[in-house]
Amino acid sequence: LQKTGTVNTDDWRIGGYGGGDSNAYGYYIMTGGTLATGNSNLQIGAYGIGRLDQAGGTVTTGQWAAVGRYSSGIGELNVVGGTFYQTAGGHQLILGEQGIGTLNIADTGTVDLIGGLRLSMNYGGASGTGIANLHTGGTLVTQTIQDNGGTGIFNFHGGTLSPKADNATFMQGLDHAYVYSGDAVIDTAGHNITIAQALEAPGGSGLADIQLLTGGDYIGAPIIQITG
């Protein structure tokens with residue numbers, strides 16, 4: 001739990017480190033202060049399970065940021081306050097680099113990406129799944145939104161999507177881009193962009209609730225996967 005102060009680190013991994021860490025779990029909560037990786041990477045769910053909840057403060061990473069890295073990696077990045085910065089061109093925020101990665105932006109949270117957002121990545125023959133949810137009050141400022149060979153899904157829930165510059169290929173090539181009841185809000189900020197991606201109506205609204213039959217104690221917030 002980080003409430004204030006500055007944490008400077010190199011190649012930060014939350015949830016796993018090596019190939020045998022599929023059951024590893026890491027959880028980082030941030031309500032204020034600064035977390036900075038300098039010119040190194042930030043990985044959330046690298047082989048294992050990782051989650052970063054940002055409700056305030058500033059996160060800055062100067063190279064790759066990956067959520068759900070390697071085939072056993074499951075990662076979740078939740079930004080509901082403060083600002084998450086990816087500051088290097090030629091690098092991106094990747095959701096699902098072989099693994100499963102989810103980004104949720106809501107409330108007053110802002111994600112600002114110099115290099116852009118990559119939803120999924122097929123690396124070494126293993127394809128990932130990347131899902132981004134942009135909720136009401138959240139802001140995503142990015143150079144581009146692209147898919148890189150896995151399954152990439154972008155869900156509009158009323159948050160604001162904005163480009164960093166003119167881009168004729170701003171958003172395209174995803175498996176799906178769904179517009180839910182909050183609508184798709186796009187503020188071009190004076191830039192000329194092209195969204196070639198089809199914006200689709202979802203087939204439903206998801207689950208209303210999940211019944212938990214057995215209780216238990218948690219060392220941190222669980223990541224729940226629903227299949228079928």
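All values below were derived from every heavy atom in this structure, side-chain atoms included, with hydrogens, water molecules and symmetry-related copies excluded. Residues: numbered from 1 along the sequence shown.
We find the CD1-OG1 distance between I186 and T160 to be 10.0 Å, quoted to the nearest 0.5 Å. In this structure, I100 CD1 and I131 CD1 are separated by 8.0 Å, a value rounded to the nearest 0.5 Å. Once rounded to the nearest 0.5 Å, the distance linking CG of N192 with CG of D166 reads 4.5 Å. T58 contributes atom OG1, which lies 10.0 Å from atom CG of L35 (distance to the nearest 0.5 angstrom). With values rounded to the nearest 0.5 angstrom, I195 atom CD1 is found 9.5 Å from T188 atom OG1.
No side-chain donor-acceptor contact under 3.5 Å links T139 to the backbone of T110. D183 contributes no side-chain N or O that, together with a main-chain N or O of V185, makes up a donor-acceptor pair within less than 3.5 Å. Of the possible polar contacts, one joining the T142 side chain to the T144 backbone as a donor-acceptor pair under 3.5 Å is found. Distance alone, capped at 3.5 Å, is enough to place a donor-acceptor pair between the H191 side chain and the K164 backbone. D175 places a side-chain N or O within donor-acceptor distance of the main-chain N or O of G152, the cut-off being under 3.5 Å. At least one donor-acceptor pair under 3.5 Å links the side chain of N41 to the backbone N or O of W64. Judged purely by atom type and a 3.5 angstrom limit, Q197 uses its side chain to pair as donor or acceptor with the backbone of L174. Under a 3.5 Å cut-off, the side chain of D21 and the backbone N or O of Y47 do not form any donor-acceptor pair. Using modelled atom types, no side-chain atom of Q2 and backbone atom of G33 make a donor-acceptor pair closer than 3.5 Å. With Q86 contributing its side chain and H91 its backbone, the two residues share a donor-acceptor pair below 3.5 Å.
Side chain to side chain, E76 and N78 meet the donor-acceptor criterion of an N or O pair below 3.5 Å. Side chains of Y70 and E97: a donor-acceptor N/O pair is absent below 3.5 angstrom, by distance only.
Side-chain atoms of H157 and N133, non-hydrogen and from C-beta on, do get closer than 4.5 Å to each other. Side-chain atoms of L113 and L140, non-hydrogen and from C-beta on, do get closer than 4.5 Å to each other.
Both L134 and V179 are members of a single hydrophobic cluster when ILVMFWY side chains are connected at heavy-atom separations under 4.5 Å. The cluster map of Ile, Leu, Val, Met, Phe, Trp and Tyr, joined by side-chain heavy atoms under 4.5 Å apart, puts M121 and L93 in different clusters. A continuous path of Ile, Leu, Val, Met, Phe, Trp and Tyr side chains, each step under 4.5 Å between heavy atoms, connects I44 with W12, placing both in one hydrophobic cluster. Linking Ile, Leu, Val, Met, Phe, Trp and Tyr whenever their side-chain heavy atoms come within less than 4.5 Å puts F154 and F170 in one cluster. At a threshold of 4.5 Å between side-chain heavy atoms, the hydrophobic network of Ile, Leu, Val, Met, Phe, Trp and Tyr places I193 and M171 in one connected group.
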Quiz prompt | Stepwise side-chain contact (heavy atoms from CB on, under 4.5 Å) check, D53 with M30 | solution = CA-CA 6 Å; D53 286 350; M30 186 174 187; over 6 Å; no
Practice problem: Please lay out, stage by stage, how T169 and N167 fare under the test side chain to side chain donor-acceptor pair (under 3.5 Å). | Solution: CA-CA 5 Å; T169 58; N167 193 338; 3.1 Å; yes
Quiz item: side chain to side chain donor-acceptor pair (under 3.5 Å) between D147 and S120: does it pass, once the steps are laid out?
Solution: CA-CA 6 Å; D147 191 324; S120 84; 2.7 Å; yes
Self-check item: Residues F156, L161; criterion side-chain contact (heavy atoms from CB on, under 4.5 Å); working and verdict
Solution: CA-CA 9 Å; F156 289 95; L161 174 62; 4.0 Å; yes
Quiz item: Can you list the steps and then say if D11 with Q43 is a side-chain contact (heavy atoms from CB on, under 4.5 Å)?
Solution: CA-CA 8 Å; D11 203 26; Q43 301 173 43; 3.4 Å; yes
Self-check item: Trace of the side-chain contact (heavy atoms from CB on, under 4.5 Å) decision for L119 with I145
Solution: CA-CA 7 Å; L119 299 178; I145 301 174; 4.1 Å; yes
Exercise. Decide yes or no on side chain to side chain donor-acceptor pair (under 3.5 Å) for T61 and T37, but give the supporting numbers first.
Key: CA-CA 5 Å; T61 179; T37 68; 3.0 Å; yes
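Shown here is Y28, whose OH atom has more than 12 heavy atoms of other residues, nucleotides or ligands within 6.0 Å.
Heavy atoms only, all atoms of each residue included: G116 and Q92 are closest at O-CB, 3.3 Å. What you find for T102 and L95 is that their closest heavy atoms are C-CD2, 4.5 Å. Between A126 and Q98 the shortest heavy-atom distance is O-CG, 3.4 Å. Taking each heavy atom of V59 and Q54 in turn, the nearest pair found is CG2-OE1, 3.6 Å. Nearest heavy-atom pair, S127 versus G149, reported as atom, atom and distance to 0.1 Å: CB-O, 3.9 Å.
Under the 30°/60° scheme for interplanar angles, the aromatic rings of Y25 and Y27 are found to be tilted.
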